[in-house]
Amino acid sequence: MRGCALSYEFDFSFLNDYLPELWHGIWLTLGMTVVSIVPGFALGTGCAVGRLYGPPWVQRLVTIYVEGIRNTPLIIQVFWLFFGLAVLQVRVGPFPAAVIALVINVGAYTAEIMRAGLQSIPKGQLEAAACLALKPSQSLWSVQIPQAVERVYPALVSQFVLMMLATSIMSQISAEELTGVAYMIQSFTFRGFEVYLVIAGIYLVMSCLLRLTLLGVAQVSFPRRRRLGTPL
Amino acid sequence: MNIAASPQRATEIQNMTRSDTPLVRFQGVRKSFGELEVLKGIDLEVKSGEVVALIGRSGSGKSTALRCVNGLERINAGELTVCGRTLHDGKVDLRDLRQDVGIVFQSYNLFPHLTVEQNVTLAPRKVHRIGAKEARELSDQVLAQVGLSDKAKNYPEQLSGGQQQRVAIARSLAMRPKLILFDEVTSALDPELTGEVLRVIAKLAAEGMTMMLVTHEMAFARSVADQIVFMHQGRIWESGKGDMLEDPQTPELRQFVGNGL
Amino acid sequence: MFGLTIEQIAFIFRGAGWTIVLSLLGFVGGTILGLPVALARASRRRSLRTGSGLFVQLVQGIPLPVIMFVVYFGISIGGYDVPALVAAGIAMTLYSSAYLGEIWRGCIQAVPKTQWEAGECLALTNTQRFVFVILPQALRIAVPPTVGFLVQIVKNTSYAVVIGFFDLTYSAKVINNSTFMPFTVFTLAALIYFAICFPMSVLARRFERRLSRS
Ligand SMILES: Nc1ncnc2c1ncn2[C@@H]1O[C@H](COP(=O)(O)OP(=O)(O)OP(=O)(O)O)[C@@H](O)[C@H]1O
Ligand SMILES: [Mg+2]
């Protein structure tokens, strides 16, 4: 069948027929993202601290982890984990496997961001904390980490949005997230173009929402910013 | 400029609180950074309740001497005793020491993400483990001491330089130190703000706080300090009471005073 | 070797070859389209700024696999049967141009304003000023982040697996399906990706350090 694109008739009727599936896909995508953010951030922050202040063997270990993850594609990491676990007879569903992979992945990127944040804190702050008899751990927790997060927050937001977009390959391990649902719909309707246009629009909206939500979180967590009205 | 609140009262209190064992004792203290020897044998005693002003040209080792006192710099030779602890044997618990020795920096170094009250109470809460109510009372009290009771809920950026420096002083006071070190705490301030900070320090002196301060404010040093120490090339070149500035014994101090006044 | 036959390993390396081909396509296409995007983003004309800004926001808000699908199905509604390489190449071009455009905009704008004014004094036209004064300086700033983004391009070509493009990821998946040795196969694939990406990461960092020192 040959024709020119202009004569192509768009058909969005699948929207009606597959609405529940689409919603399900959206929830799964959002769920994966939200569940991965906090542990991913914690892992990354821990690694940043380990790389900056840990004993040499910890520093080396973290470096290997961070460089290894950042220089290989997420899909390969996901396949490695998911098919690897299957061979080891460990029964893990696609959703937990996806979340584990995302946490490990985003942890490495967060580690680099947080390391930069921690390094950007003026020496005087650390000196002041030490001179007030705070333990290194107290100084980290009350002085360094809060300031580092404030400084690199925009980069963290971008990273988490990227992570949400990256969940779109989890259908490769049969997690029925949004892109997976789209594939299923197009295989029934043969309306691939329309389906993916709609899906693209949904992702756009979701990235905006995620960005706004994370900025809202910042407004609450950094009261100094709110009071002074300085945009992050 | 008469900054000391009441010189007579100050002397009275000092006489009362002063005991014979010095709070700080330098004996032949040496300190090098690599090849560069910055302290070349310092001997100095600071008694309880005493105010000692360190003066001298840039690079003469004043800050280094001060920073040795709370262990920010390790000494290489000699003996240094601070609040009954020996700092030269390397076994001193710095955190323990720093509960007794406060320090105020030229650049304030307040925590920008915390309010004034949180800045002041962070260490007492974490280190002395005081409760929320006690922390609030403590904050009220030390902020009143530096005249900033109304700024408790503000963030450092919302304050002038002089106010920030007073918060930094309050933050030190909140740890109830036996000794406070001041390193050129007014150098970043314009004259008007300098005055308000110096008044706070003078008041603390009058109340009997033991202090070591590095300063370029000669008039202030003369009026507040019990002992002035002129450092030159890593040595104590001359030291004495406030009036030693009027009658310098060495050409170096004469030249320094000539430039400074 | 490691339980894989020579043929299987060769198969994986053939995939790696296509990964490099697609990366180059993405980079070249991304450069060709990304330059005008950067210029438009840094332009003084508001309409150009908004238009290119929308394009960047659009691409950065949609997952690359979805872009691949849209391009893939978009071309095929014309009734054309496209090789996956073409669809993936176009998708990578769109994707890279948005990111490169944004990176380069930053570089153009990082050149101090005074440089424009200096060009004005020399009585150069706008174009001349841009080409002879701004561009050389912007290029210097642009090298480290561009090399860094190359790493992203190489890694992200792996998303082309969703439209069935035969690359390193695809070949590894095929071999895994027939051998059931995921650790061996995907570790090998990961090592190959690493061998391509890591040197570029190191290079990018080294350039960056050199730049910040000067
Ligand atoms: N951490 C360090 N590493 C190397 N050299 C240092 C260090 N700290 C200080 N110095 C050097 O030691 C010397 C004395 O420095 P110090 O800060 O004690 O002088 P100062 O009398 O406080 O001068 P200023 O009035 O400029 O503050 C200077 O030559 C300085 O360059
Ligand atoms: Mg100094």
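The model shown is predicted, which means the values in this text are computed figures rather than measured ones. Proteins come first, then strands; the chains are lettered A, B, ... in the order of their sequence lines, and each starts at number 1. Every heavy atom of this structure was used, including side-chain atoms; hydrogens, water molecules and symmetry mates were not.
Of the listed residues (C/A172, C/S158, C/A189), the one with the most heavy-atom contacts under 4.5 Å to chain A is C/S158. For the options A/V205, A/T179, A/L162, A/L204, heavy-atom pairs under 4.5 Å to chain C are most numerous at A/L204. Across C/S76, C/P65, C/G74, C/P182, the residue that shares the most heavy-atom pairs under 4.5 angstrom with chain A is C/P182.
Summarising the local packing, OH of C/Y170 is surrounded by 12 or fewer heavy atoms from other residues, nucleotides or ligands at distances under 6.0 Å. At most 12 non-hydrogen atoms from other residues, nucleotides or ligands lie less than 6.0 angstrom from OH of C/Y72. Taking a 6.0 Å sphere around CZ of C/R205, one finds it holds more than 12 heavy atoms contributed by other residues, nucleotides or ligands.
Looking at C/I192, there are no atoms closer than 4.5 Å to chain A (heavy atoms on both sides), in backbone or side chain. A/L81 does not touch chain C: none of its heavy atoms, backbone or side chain, sits under 4.5 Å away. Proximity to chain A is absent for every atom of C/N156, based on heavy atoms less than 4.5 angstrom apart. Neither the backbone nor the side chain of A/E194 comes within contact range of chain C; no heavy atom of the residue lies under 4.5 Å from a heavy atom of that chain. In this structure, no portion of A/A86 lies under 4.5 Å from any heavy atom of chain C. Within the 4.5 angstrom heavy-atom criterion, no atom of A/L210 approaches chain C. For a residue to count as touching a neighbouring chain, one of its non-hydrogen atoms must lie under 4.5 Å from one of that chain's; by this rule C/T157 does not touch chain A. Contact annotation for A/S207: only side-chain heavy atoms (C-beta onward) come within less than 4.5 Å of a heavy atom of chain C. In this structure, chain C has no heavy atom under 4.5 Å from any part of A/I202.
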Audit row: A/Y203, C/V66, side-chain contact (heavy atoms from CB on, under 4.5 Å) steps and yes/no
CA-CA 9 Å; A/Y203 273 111; C/V66 174; 3.7 Å; yes
Stepwise, does the side-chain contact (heavy atoms from CB on, under 4.5 Å) test hold for A/L197 with C/V70?
CA-CA 6 Å; A/L197 276 184; C/V70 170; 4.1 Å; yes
Report the C-alpha distance between C/V185 and A/F83 in whole Å, list the side-chain angles of each, state the deciding distance to 0.1 Å, and finish with yes or no for side-chain contact (heavy atoms from CB on, under 4.5 Å).
CA-CA 10 Å; C/V185 172; A/F83 294 120; over 6 Å; no
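In this structure, the separation between CD1 on C/I77 and CD on A/E9 is 11.5 Å, given to the nearest 0.5 Å. The CG atom of A/N71 sits 5.0 Å away from the CZ atom of C/F194 when rounded to the nearest 0.5 Å. To the nearest 0.5 angstrom, A/Q77 atom CD is 12.0 Å from C/F186 atom CZ.
Listed by sequence position, the residues of residues 15-42 of chain C in contact with chain A number zero, using a 4.5 angstrom heavy-atom cutoff. Of all residues in residues 133-155 of chain C, those placing a non-hydrogen atom less than 4.5 angstrom from a non-hydrogen atom of chain A are C/V151, C/K155.
Here the closest heavy-atom approach between residue C/F183 and residue A/L85 is recorded as CZ-N, 4.4 Å.
Under the 30°/60° scheme for interplanar angles, the aromatic rings of A/Y183 and C/F69 are found to be tilted.
Side-chain contact between C/F73 and A/V195 is absent, with no heavy-atom pair separated by less than 4.5 Å. Counting heavy atoms from C-beta on, the side chains of A/L165 and C/I62 never come closer than 4.5 Å.
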